[in-house]
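What you are looking at is a predicted structure, and each value in this text was computed from that prediction instead of being measured.
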Amino acid sequence: MSKDIYGVLAKHIRQQRKQANLTIEQLAELAGIGAGFLAHIETNQKKPSVATLGKIANAMKVPVASLFKGQPASKANADYRLALQLTQLLSDRTP
């Protein structure tokens with residue numbers, strides 16, 4: 001059974017936020033989104049748009065692609081293909 005791409009995102013956003021020593025409120029303010037919304041993203045209760053992922057990544061000064069680390073490597077997996085496409089689209093962007 002494959003991991004849910006949003007579950008992977010939730011886990012990595014939370015991990016990277018904690019590594020940056022930021023509270024949910026601090027990161028939400030830096031990203032220009034609501035703290036409640038960010039909390040729901042981190043607990044996989046809400047699904048962020050690509051634009052929101054960009055805001056979160058920019059606020060943490062990390063590439064958007066880093067939020068997808070750990071995605072399953074099965075080429076038949078639709079979530080993997082989506083993550084790969086997003087990574088390729090965003091690879092030329094800087095935080």
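Distance check, rounded to the nearest 0.5 Å: CD of Gln19 to NE2 of His12 gives 9.5 Å.
Considering only heavy atoms from C-beta on, Leu30 stays 4.5 Å or farther from Met60 through its side chain. Using a 4.5 Å heavy-atom threshold, the side chains of Ser66 and Gln16 count as touching.
For the side chain to side chain contact (heavy atoms under 4.5 Å, CB included) test, residues two or more places apart in sequence or in another chain that qualify with Thr23 are Glu25, Gln26.
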Q: Determine, step by step, whether Phe68 and Leu9 satisfy the side-chain contact (heavy atoms from CB on, under 4.5 Å) criterion, reporting the C-alpha distance in whole Å, the side-chain angles of both residues, the deciding distance to 0.1 Å, and the verdict.
A: CA-CA 6 Å; Phe68 291 91; Leu9 286 168; 3.8 Å; yes
Q: With side-chain contact (heavy atoms from CB on, under 4.5 Å) as the test, would you mind laying out the steps for Leu53 and Ile13 before giving the verdict?
A: CA-CA 9 Å; Leu53 290 175; Ile13 290 169; 4.0 Å; yes
Using a 3.5 Å cut-off and no angle test, enumerate the donor-acceptor pairs between side-chain atoms of residues 32-45 and protein atoms at least two apart in sequence or in another chain.
residue, atom, partner, partner atom, Å
His40, ND1, Gly36, O, 2.8
His40, NE2, Gln45, OE1, 3.3
Glu42, OE1, Arg17, NE, 3.4
Glu42, OE1, Arg17, NH2, 3.0
Glu42, OE2, Arg17, NE, 2.6
Thr43, OG1, Ala39, O, 3.0
Thr43, OG1, His40, O, 3.3
Asn44, ND2, Asp4, OD2, 3.3

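Here the closest non-hydrogen pair linking Leu67 and Ala57 is CD1-CB, 4.2 Å.
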